[in-house]
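Worksheet: one structure, shown below.
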Amino acid sequence: MISAELGRALVVGAVTLPAGLWLVMATAALVGAPLRERWLSPVARTIFSLTALALVSGAALLLPADAAAQAIDLGEWFAAGDHAFHLRLLADPPALIFASLCAVLCGVVAAFANRYLHREPGYHRFFALLALFATGILLIALAGSIEVVFAGWELVGLASALLIAFFHERPAPVESGLWALTVYRLTDLGLLGAAVLVHHFQGSGDFDVFLGTSWPIGQTPLSAGQAGAVALLLLFAALGKGALLPFSGWLPRAMEGPTPSSAIFYGALSIHAGAYLLLRAGPLLDAAPLAAALVALVGLATALHATMVGRVQTDIKSALAYASLTQVGIILVEIGVGLRWLPLLHIVGHATLRSLQILRAPSLLHDFHTLETAVGGHLPRTGGHLERLLPEGTRRRLYAASLARWRLDEFLIAAFVAPLRRLSAGLDRAERRWCALLGGPAADDHPVPEDTSKGGGDAR
Amino acid sequence: MPAESALLLASAASAADGSLTHPLLTLAVATPLLLALALALAGERRWTRGAALAGLGLDLGLALAALAELHRRGAASLADTWLGGQIIGDAPLLAIDRLSAALLPFAIVIAAVAVMVAPRVGERPGLIARLLLALSLTLAIFATVDPRLLALLWALSLIPPLLELRGRGPSARQASRVFAIYMGASALAFAVGVALRGAGEPALATLATGLLVAAVMIRKGITPLHSWSPAFFEHAPLGSAILFTAPQVGAYALARVVLPDEPALVLRGVAAAALFTAVYGAAMATTQADARRAYGYLFISQSALVVVGFECVSLASFSGGLSLWISSGLALAGLGMTLWVLEARRGRLRLDRFHGGLEKTPLLAALFLLLGIASVGFPGTLGFVGEELLIDGAVLEFPLLGFAVALASALGGIALMRAYFALFTGRAPRPGPNLFLRPRETLGFALLGALLLVLGLWPRPLIADRAEVARGLLEARGAPAVDLETHR
Amino acid sequence: MNVDAEGAVPREDRLASIARDLEHAAHLLPAQGPISVFIHHNTLHAFESQSFEEAVAAAGELFGCEPYLSEATYRDELARGRITADDLAAVLARDLGDAGDRAIAGLCGRGELRRASLEHGISAPDEAALAWILAESDALTRLRRDLPEATRRRWLDRGRAIYGRDRSTAAIERALVRELHDACLRGARRAPAPSVTASRPLRPRDRLLAARGIDSDALVHPTLIRLAGAYLDQGIAYWPMPGRERGLLRASLDLLGPEGAAAAADPELAARLPGALAALERGGALASIAASLDELGIDDGDQEPFLRETLLALRGWAGLFRQLEERPDRAPVHAHPATLADFVALRLLLERAALARLTRAHLGQAGSLRERLAALPEAPARAPSPAHRAFALFQRAQILGIEASALDDLDPAAVAELFAEIEGFDAVERRRLLHLAYERRYRLEILDAIALHAAAPVGAPAPAEPSFQAVFCIDEREESLRRHLEEIEPSCETLGAAGFFGVAMYYRGIEDAHPVPLCPIVIRPRHEVEEIAVGDEAERARARARSVRVVGRLRRGFDVGTRTFARGTLLTALTGVAAVVPMVLRVLFPRLAGRLRRRSRDVLWRGPSRTRLALDRRDDAHPHLGEVMGFTKDEMAAIVRRLLEDLGIAGRLAPLVIVLGHGSVSLNNPHESAHDCGACGGGRGGPNARALAQMANDPAVRDRLAQEGLEIPATTWFVGGIHNTCDDAVILFDTDLIPEATQPLVERARRALDEARTRDAHERCRRFDAAPSWLPPTLALAHVEGRAEDLAQVRPEYGHATNAICVVGRRARTRGLFLDRRAFLVSYDPSGDDEGAILARILGAALPVCAGINLEYYFSRVDPVGYGAGTKLPHNITGLLGVMDGHQSDLRTGLPWQMVEIHEPVRLLVIVDAPLQRLRAVLDANPALRQLVEGRWVQIAALDPGGPEIDLLAAGAALRHRPTSATLARAPSSVAWYRGRRDHLPCAQISGAAPGGAEEARR
């Protein structure tokens, strides 16, 4: 079993490499000597290549090994009384396949970004965040317990939000980043909730305890109701990261970041994290058909939404974002109807193809010209059959709704954010009034903010 | 026998192995006090900060020596009889046990960082002396064995922040009055509660319990008795406000005076209120337009989680609460101090627009983010460990508690990122000079950040220690196991 | 709800006035059309009637953009010697004239005071930062670090005299500085308050933002951008917007209207729709605008400025509507009826709805929208505080050695004068002077170099009878290629002419889908030319076209399919994994991937090996875009004649004349076209060169020319070709037609060109950080080839960056001079052009083009975000028409940062090899040129054709250039001069003494 030992060591090494890179960069920045691009560039390329290599070779070694060999226990992290928290990874086939995909794509994107972000003031920031992201997504892929998933989940969320807001001088990326983070944090409640419930039911969040050991046909010890509840919470968690209905609005907005991070996050990895999680939790879905049906339903609704909205997008990145989302929805349908290997294959294929397409997005004009040359004239018009099938009024309504992206964000804001704001503003007023009652009137020392933006400034 | 019933320490301190032969604790408490006096007399000098830091280094050494001594002896507590011997016979006035031994260095670190980063702008002269004075009072509270003395110190510790608020002039008048009313009430309630509790009458004992609980809730800023806090953070000098709140004296009083022998129902009530505070504060923080006010709400939200653990449903959640005490104290103090130094560079900070300036203070932005995510329990920081334990231990009993903690943490995260984006991103209206961190500021923040990261990645020693404390307190409370059993 | 606003029928003259104001304001919009054909032009074209300096200030104010580089940048240049103290003194003296000696408040001269501000950084922090700096930095404890040693010593001596010798230097410094700061503060308190004028924004959005911090554009822009994007889209969306033939406003109202779902969520908008539709029916978009103006409460007097501000709020999109309205033929695929009035009407409609919503929510329900807006408070203007003003004085006083006591002794009038002078010399003024100094330094260097080189040229002289002649575009990127060619083949002669070589045509290559115009943008070509296969190749060409079409259809199907629902599922799930191969190849090994792709294409379908241009006039075929197919022989003769005259080689043709157009091919580059030939209107000039050669070789054309007295020797052969400025490939066309006798010469020239392009690649690589400086030329060539193929490469080439000068004249005047790819080189022979007719036509064509390029680079560099397109990294192609930042923003016009980052923004310095009088006469006769020169948009100088004297035309007078240096650097070869250096290089004479330039480079 030496090969299995080596495989495990490689897998663990692959997870720690990007984290190490981040630590080195953070330390260097803290002592006032941030790595210059000249140094960082080879270091980062090496680390990401090594990560990809280690993981792929580790996967090659571990895939044939038996289930026992695929569990990696890194020991107790901390303990209080009889509550011990173990760092546990699970390197079974789906984990290894997804993790290899993650590592390879991160490696490719790191190589791409190394040239793409050359001389960019945020070069450091980008690689620090990419390292954080890589750590997080590998933790999600290889997690052996729901707590480890959560840790990875949060890292991915934070890195995503900060990368969306990468071009922080303009308000639009920052607002988009904040919106994505808000959606993430709220749907993360699903994951934490699932963790809480699993602990409540089983006293442990380890996968082998509540999912069984042999994916994809594991047996969960939970009752149907319990499994359904946990699965629904996981689905809720997947809604945010996967941009599923009704949380799809952040996805096109996330295209504010630099192209390589858009490719890896919203074309490839981050957007599939939710689907992967549900795939992982397949035994729960098997035990709870209702929850499985809901997964399929959400997937279907998302795919329909995304394909309609995607069809009217006139900029290439939004069009690709919705194209991604369409496939994610379909993958969810596949998971919901009980397929396991097909969605895994679909994830891998889709992630690869789509990230290549996003990386190529700036070449669109070039490609378009090439295609026109090949076809020998203007490209054939698309969308005709939609127009043949639908009566004019419906068509127009559908077009308008799609152009407005079904007003999903507006709906979320009206339904949740605005009431929270109103409530909080009301409570704040009440508190201030109460203080005024106790301590007399407050001095108004908050003048109206001065206008800092010039005309048109925020359109940039 | 009020002292005996109130204090498990008193009995423990009389054990032969728990007495100190030298006035270690007295020195630890007195060093900042004497230093403060000396600095106040000397006036503002160029060496003031250096001298204060040297003194604090010494003090930290003393506190750590006391901690080491406690562990070396394997004793439950250590009493310093020197001060008591000087005043009232042999009674130990100062003593530490496993709970408080770690709190002394904790408070000293916060104060030391505050002294390191304290800006020169916008503060009245004598700031450092005042910070030291506040620290001394906090240390005295953490090392006090006698509830009557605790009540006295409780009242005394209100004076520095009150004076600070008054010094702020008319703009802080309202905040200062509100603070005086709330804090006066809490000091009074605590004193009366302590006094009544020995009376023996059941009715009076109930009243005493009520008063003590109210006092603790006010001091800790627990809803609905928290209203002083946002106004306080909004108007008080930030450094003093942080030193007053971050060590969380209220939690100490709760652990010391209320926890040992009040019925579970009372604790449960406090914990429920704290849980509500956590969610309420975080929700309020997400929409505030003023950075300080948002910080104030975030503070009461995340520090309330400490008290949630005191519900004592399980060893794990109690340990979680105790370690959150340390982590939220450090992280929130650090976060507040980043606001402090940023305010010195930018003036009043608002969150309803983007200020820009990431490139002028890149490191400060990164540290703000780091300390911020540590405050809201992000994985990889100590806060995550604490919350994980808190939830893990409690969910067997109350899944809802887990959801509420998660919600508070989620909302806190949103509030934090909103603040980060508003304060550091956007385009600055015009080019200005770089306002990079000074080396002493970098050092102070880096120290805190590194502490939180290292403890977050390698939390075993601290968690083990806190679990030990939790076990001790539960045992002292008597029949914790039964408590647990009956609920199970 | 103000539906009534639409009720009244607007009067005709009202509509006419709106149309007029709109037209007027529209001139300010960016003139950039669809991005696939990028035309360089002066960003501030609309301001050309003013002088450059007035224009940048006025436009800066209007657009919120920077007029010059930042003060900090100039100061860095000062520190590293790019600007010298002499330059500052000179521009100051020139600027102030006699007023420079006037004493300010009896303390120091005016010039002295200004110079102190220019030479030393004066920081102007905002109030909070100032407090922090005073408290935390050593501003109040030490003298400035950048004081000259003498000044510092004077201060300390004075301090010792006051505070006693026994105190430490540090203590004295502290006391001095504090005392001085206190005195400045006292002075600032005594000074009269500065007058602050609050500007009242016209747009209600700006007023609401200033008063309440609420931005109504946040509600308007998302909808507007989506509608505008959908309307103009040229084929990205799978499902096009319905009803586009009816115009933007109508199509949008139909979508937003009762049938559309979008409006349901915004009752304010829904309430306005019936009125808007009614207005549209009655008076079109202008009536709708009139109604909006009424509802927003815009007075007639404010109408024009209001429309201007409204247009500028989203100026990229507005500009595109305007461009497509004026030149619908430039739309790449569909030309829908786009009008600016539609866009503005829609915008105002959305704006009204948003403002109504916001004012209702935040300002109360009472009154009409107009009344609510009128009640908005004005934002007060803020005057700088005394501390702030004192700090400004404090910094200068240290530099000038003004003592505290001297400040305290000033009477009120003097204090007022002092502060007025300090505050009058504001940041824009300082930057203007710094910029003048920055330009002066470069101008002097160049003029010195040209003069010295003219006086004493080194290296091989220009051959009297060249072995071959090579004609290039005037593009400054060809300067290095020409120089290397001359170094390698000293017997050759190189020439420069605008890269369409006089052949203005629509051209359709054998593989092209459509004809494209290949000529300067100001010309609309009449002629259309096709490339056709020759003889039996025709069948092969058709076969290839068929198979390419099949593959193209498949590929299109795949691309669209992966984005759809069902097909996407199949394609991604089943074939997606295979994408890992192209992905890894293209990202990690771009050059290899490019080669594989080309090779596989060649193996699959070999195209016709022989094609020709169908140049001759055909009346049987119908042109797609032009008026006629092909040229008559007379037209051809005229074209050839003109070019040869312009070049000045009509009478002395070599046996071989190579004509090279140029273009640039790169991936991942929406701005690809901006790297192509400007003289070909953002196209690639290969076909023009090829056409010219074919014309000049045509016996019939030669006959006609001979009749007119222009004899082309029978031994002379013309060969056309193209130079790819991105990967430095050079391709020659129609080589199979070359006569036997010329063949060896062509071989020789081809070898020389091959070596020259390799060295050119090597020289270019010195500017790329990613290319190590040790690369030998062959690897450098591989490096630039890799760049062109690299998906991740945002700087495939640097384009026109670093352009700074334009030399119009004989190559002999600059041959052997290393000009660092910074000079447009236009051939002109002053002999035999005594009337200046040739000069007039050369300058009239070349100068506006070169100035346009130069000024576009200038503005994109000084404000990369405001005038330029910002960084490329978040760019997102929309509608095949332009790029946005992220998912919805204004269209980004101008050049992206990655194209201009190494550019030195200086105005073009034109040096004309002609007598001063002739140049003056030409300029006077051409109003466009006169405006450019008199407005100082370019700098122009005459180089005496017979000697080294240079006269600079400045402010109407001629200024003889007095050389500032006596010697010019010298290097044996270009590579010896640039090796290992990445920055801009000064001029040098390339002696050519080392015949082994190549070995030098390889070493």
Side-chain angles (χ1 to χ4, degrees), chain A residues 26 29-32 76-83 85 121 147 150-152 154-155 158 161 165 168-171 174-175 177-178 181-182 185-186 188-189 192-193 195-197 199-200 203 420-421 423-425 427-428 431-432 434-436 438-443 445-446 449-450 452 457, chain B residues 170-171 173-178 181 227 230-231 283-284 286-288 290 314-316 319-320 348 350 352-354 356 358-359 363 366 373 378-380 385 388-389 391-393 395-396 399 402-403 406-407 410 413-414 417-418 421 425-427 429 442 446 459-460 463-464 466-467 470-471:
Chain A
L30 211 52
V31 299
E76 188 184 284
W77 190 11
F78 55 84
D82 47 358
H83 279 269
F85 189 107
E147 289 86 357
F150 182 73
E154 291 294 294
L155 283 177
L158 183 71
H168 54 80
E169 290 203 330
R170 286 181 292 122
V174 174
E175 278 159 7
L178 186 59
L181 185 102
T182 307
R185 288 294 285 192
L186 287 180
D188 287 355
L189 283 179
L192 257 186
V196 165
L197 273 196
H199 273 265
H200 185 60
L420 178 70
R421 274 180 178 284
L423 182 68
S424 147
L427 288 169
D428 198 50
E431 289 214 14
R432 285 179 193 272
W434 167 243
C435 284
L438 286 181
D445 56 353
H446 305 311
E450 63 179 302
T452 56
Chain B
S171 71
R173 186 172 297 139
Q174 185 202 60
S176 128
R177 282 193 197 142
V178 171
I181 293 172
S227 288
M284 294 294 280
T286 54
T287 55
Q288 294 300 315
D290 183 84
S314 81
L315 181 64
S319 318
R348 194 82 191 185
R350 302 205 33 109
D352 46 8
R353 62 198 171 100
F354 299 117
L358 188 57
E359 65 291 334
L363 198 53
I373 60 176
F378 197 79
V385 175
E388 190 66 36
L389 275 175
I391 298 178
D392 246 23
V395 287
L396 290 180
F403 284 111
L407 185 61
I414 294 170
M417 289 303 284
R418 174 172 169 265
F421 284 137
T425 69
R427 199 131 84 108
T442 310
R460 281 172 79 166
I463 299 298
R466 293 292 93 182
R471 187 184 305 282

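Given the structure is predicted, the values throughout are model-derived calculations rather than measurements. Here is the naming used below: chain letters follow the sequence lines, and residue numbers restart at 1 for every chain.
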Distance-minimising heavy-atom pair for [X] and [Y]:
{"X": "A/Glu154", "Y": "B/Phe378", "value": "O-CZ, 3.2 Å"}
{"X": "A/Ala80", "Y": "B/Ile463", "value": "CB-CG2, 4.2 Å"}
{"X": "B/Glu359", "Y": "A/His168", "value": "OE1-CE1, 4.0 Å"}
{"X": "A/Gly193", "Y": "B/Phe403", "value": "CA-CE2, 3.1 Å"}
{"X": "A/Cys435", "Y": "B/Val178", "value": "O-CG2, 3.5 Å"}
{"X": "B/Gln174", "Y": "A/Gly440", "value": "NE2-O, 2.9 Å"}

B/Leu358 and A/Glu169, any side-chain heavy atoms less than 4.5 Å apart: no
Sub-4.5 Å side-chain heavy-atom contact between A/His199 and B/Ile391: no
Please look at [X] and chain A and tell me whether the side chain, the backbone, both or neither of the residue comes under 4.5 angstrom of a heavy atom of that chain.
{"X": "B/Ser227", "result": "both"}
{"X": "B/Thr286", "result": "side chain"}
{"X": "B/Ile414", "result": "both"}
{"X": "B/Leu407", "result": "both"}

Partner chain B: residue of A/Val31, A/Leu192, A/Leu189 with the largest heavy-atom pair count (under 4.5 Å): A/Leu189
Heavy-atom pairs under 4.5 Å with chain B, option from A/Leu181, A/Val174, A/Leu197 with the top count: A/Val174
Separation of A/Arg185 CZ from B/Met417 CE (nearest 0.5 Å): 9.5 Å
Euclidean distance, B/Asp392 CG relative to A/Phe85 CZ, rounded to 0.5 Å: 7.5 Å
For chain A, the option from [options] that forms the most heavy-atom pairs under 4.5 Å:
{"options": "B/Ser176, B/Gly320, B/Pro459, B/Gly402", "answer": "B/Pro459"}
{"options": "B/Ser319, B/Ala467, B/Ala446, B/Gly413", "answer": "B/Gly413"}
{"options": "B/Glu388, B/Arg173, B/Arg418", "answer": "B/Glu388"}

Proximal component of [X], with respect to chain B [non-hydrogen, under 4.5 Å]:
{"X": "A/Ala151", "value": "both"}
{"X": "A/Asp428", "value": "both"}
{"X": "A/Leu30", "value": "both"}
{"X": "A/Ala195", "value": "neither"}
{"X": "A/Trp434", "value": "side chain"}

Side chain to side chain contact (heavy atoms under 4.5 Å, CB included) between B/Arg177 and A/Leu438, intermediate numbers included: CA-CA 7 Å; B/Arg177 282 193 197 142; A/Leu438 286 181; over 6 Å; no
